[in-house]
Structures are given as structure tokens and as C-alpha cells.
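Just below is one structure, and these are the notes that go with it.
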Amino acid sequence: MRPLNYVFTILAFFSLISCDDDKDNTIPTNGETYKISVEFNWTSSNHTSYLGDFPNNAHFSPVIGTVHKNNHSIYKTGDLASPGIKLMAETGNTSTLSSEIDLQIAQGAVYDKFFAEGPAGNQENIQLPEIKAYNDFHYLSLVSMIAPSPDWFIASRNINLKNEDGTWKNHVVIDMHGYDSRTDSGEKFTTPDKPTIPQVEITRFDENDDIVFATLTLT
């Protein structure tokens with residue numbers, strides 16, 4: 001009887017491995033593909049910010065974003081900026097933020113990330129790679145540094161790509177506003193670095209500084 005029990009044990013072991021492989025390779029279904037475009041529109045004529053005069057060489061860092069589950073995003077007002085958001089908001093470098101997103105993908109909170117290579121001018125239209133959203137991952141968030149600035153960025157968070165009846169939205173247009181990562185205490189666009197110690201929570205620009213820096217369109 002012992003050899004027979006041994007065979008059953010081996011078969012059960014390989015059955016478990018097969019189930020795990022099937023789980024790991026599961027691909028979400030019932031998805032929809034979207035095209036993403038960002039129209040930057042930050043000019044001296046629409047610049048009314050109390051944060052300082054319209055800067056020379058105004059531009060934005062590479063856009064980076066995620067397709068994710070509800071209420072999960074790469075940033076959130078009221079929370080401390082992650083090291084990746086801090087680096088992006090202060091320098092435009094998205095490498096650390098990209099690594100943070102990879103970890104969120106491995107944890108199952110994010111399905112995929114997307115980004116546009118290179119900085120964009122303050123009056124420029126860019127097309128990002130097409131993204132695929134799914135029933136469990138139908139929210140989108142993205143960020144880009146306002147440059148030059150101490151630690152400011154534009155963003156849209158938790159954009160729902162589904163209607164209330166569960167159908168996919170055909171067309172989404174979102175204004176992108178400014179946020180302060182609160183990791184640097186500079187008060188003007190070209191103020192020298194002045195790290196905020198201790199770091200405080202991310203906030204959206206108030207009404208005195210509320211500029212529509214860009215418009216996001218999904219189709």
C-alpha cells in the first residue's frame with residue numbers, strides 16, 4: 001500500500017502546482033481599450049497663480065500613470081508623498097515611481113502602467129500608448145511634474161472608465177489641476193531647493209492658484 005499512497009501524493013502535488021500556474025497566468029476578461037491624449041495649455045495669458053510669475057522654459061515631465069482598482073492610486077491628497085512621487089514632483093524623474101508601481105502590480109492593486117517618453121512643452125499635445133481596462137481594473141490615474149517648480153505636479157486620480165450601469169464610457173474629458181507634494185518649501189516656481197522637514201501631506205492648489213494646466217481625453 002505504501003507505493004500506491006506515494007503515487008497519489010505525487011499526483012496531488014503536481015495537481016496543486018498546475019492550479020497555481022493557472023492562477024498566475026490568469027488574464028482578466030471583458031476589457032476595453034482606450035486611447036489617451038493630453039493637451040497641455042499653460043501659458044502666460046492664462047497664468048494667474050499667486051505662486052509666482054510665469055516661468056521661462058515652462059514644461060512638464062514625462063507623464064506616468066496606472067490602470068487600477070477602485071480607491072487605489074499612485075498619489076492621494078491628505079497622504080504623504082511616496083519617494084517616487086517626491087522625486088517626480090521635484091525633478092521630473094519617474095524611475096522610482098515606476099518601481100513603486102511595479103510593486104503595486106505584483107500585489108494585485110494595479111493592472112498596468114503607461115507613460116510618455118520625454119518632457120512636454122507647456123503648449124503641446126501628446127498621445128500616450130493605448131491602455132486596456134478590465135472589469136476589476138477600470139480606474140485610471142496619472143501624474144506629471146510642473147516644471148520648473150519646487151515640488152509641484154499635475155494629476156488626475158481615480159478616473160472611472162465605466163458608467164453607473166456598468167457599460168464602458170466612450171469619451172472622457174478631464175481637466176488637470178495642480179498639486180503640491182509638500183516635500184519642498186519653495187514658494188515660487190524658481191525658488192532654490194528648501195526641503196520640507198518633516199514632510200507634510202499632499203494638497204491640491206487652492207483657488208488662488210487653480211489653473212487648468214492640461215486637458216486629458218480618453219476615447
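These numbers come from a predicted model, not from an experiment. The analysis underlying the following values was restricted to heavy atoms, covering all of them including side chains, and did not include hydrogens, waters or symmetry mates.
Side-chain contact between Phe137 and Val67 is present, with at least one heavy-atom pair separated by less than 4.5 Å. Side-chain contact between Asp180 and Phe153 is absent, with no heavy-atom pair separated by less than 4.5 Å. You'll find the side chain of Pro83 reaches within 4.5 Å of the side chain of Glu100, heavy atoms only. No side-chain heavy atom of Tyr111 sits less than 4.5 Å from a side-chain heavy atom of Ile105. By the 4.5 Å heavy-atom criterion applied to side chains, Leu140 and Ile36 are counted as neighbours. Counting heavy atoms from C-beta outward, Lys86 and Asp184 have side chains that stay 4.5 Å or more apart. A 4.5 Å side-chain heavy-atom check between Lys169 and Asn163 finds at least one atom pair inside the cut-off. At a threshold of 4.5 Å between non-hydrogen side-chain atoms, the residues Val173 and Thr215 count as touching.
Residues Phe205 and Leu142 are members of one and the same hydrophobic cluster, defined by side-chain heavy-atom contacts under 4.5 angstrom among Ile, Leu, Val, Met, Phe, Trp and Tyr. Val143 is not connected to Ile159 by any chain of hydrophobic side-chain contacts under 4.5 Å among Ile, Leu, Val, Met, Phe, Trp and Tyr, and they are in different clusters. Both Trp152 and Phe213 belong to a single network of hydrophobic side chains, linked directly or stepwise wherever heavy atoms of I, L, V, M, F, W or Y lie under 4.5 Å apart. Ile64 and Ile174 fall into different hydrophobic clusters, where Ile, Leu, Val, Met, Phe, Trp and Tyr side chains are chained together by heavy-atom contacts under 4.5 Å. In terms of hydrophobic clustering, with Ile, Leu, Val, Met, Phe, Trp and Tyr side chains grouped at heavy-atom distances under 4.5 Å, Ile85 and Tyr179 are assigned to a common cluster.
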* **Worked verdict on Tyr34 versus Thr219 for side-chain contact (heavy atoms from CB on, under 4.5 Å)** => CA-CA 5 Å; Tyr34 284 86; Thr219 53; 5.8 Å; no
* Step by step, work out the side-chain contact (heavy atoms from CB on, under 4.5 Å) result for Ile131 and Asp112. => CA-CA 8 Å; Ile131 60 103; Asp112 201 2; over 6 Å; no
* Starting from the C-alpha separation in whole Å, work towards a yes-or-no answer on side-chain contact (heavy atoms from CB on, under 4.5 Å) for Phe189 and Asp53. => CA-CA 8 Å; Phe189 286 93; Asp53 296 334; over 6 Å; no
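We find the CD-CG distance between Glu32 and Leu218 to be 11.5 Å, quoted to the nearest 0.5 Å. The CD atom of Gln104 sits 12.5 Å away from atom NZ of Lys69, with the distance rounded to the nearest 0.5 Å. A distance of 9.0 Å separates CG in Asn158 from OG1 in Thr66, rounded to the nearest 0.5 Å. We find the CD-CG distance between Gln123 and Asn41 to be 6.5 Å, quoted to the nearest 0.5 Å.
A salt bridge links Asp102 with Lys113; the closest basic N to acidic carboxylate O contact falls under 4.0 Å. Salt-bridge check for Asp210 with Arg204: passed, with a basic side-chain N closer than 4.0 Å to an acidic carboxylate O.
Taking all atoms of both residues into account, the shortest heavy-atom contact from Ala133 to Leu161 is CB-CD1, 3.7 Å.
A donor-acceptor pair under 3.5 Å links the side-chain atoms of Ser144 to the main chain of Ser61, judged by distance alone.
At a cut-off of 3.5 Å, with distance as the only test, a side-chain donor of Ser141 or His68 sits close to an acceptor on the other residue. In summary, the side chains of Thr91 and Asn93 do not present any donor paired with an acceptor at a separation below 3.5 Å, with no hydrogens or angles considered. Under 3.5 Å, the side chains of Thr183 and Thr196 contain no donor-acceptor pair of N or O atoms.
For Glu164, there are no side-chain contact (heavy atoms from CB on, under 4.5 Å) partners at least two apart in sequence or on another chain. Remark: Lys76 pairs with no residue by the salt bridge (Lys or Arg N to Asp or Glu O under 4.0 Å) rule, at least two apart or across chains.
Classified by interplanar angle (parallel below 30°, tilted 30° to 60°, perpendicular above 60°), the ring pair His138/Trp168 is perpendicular.
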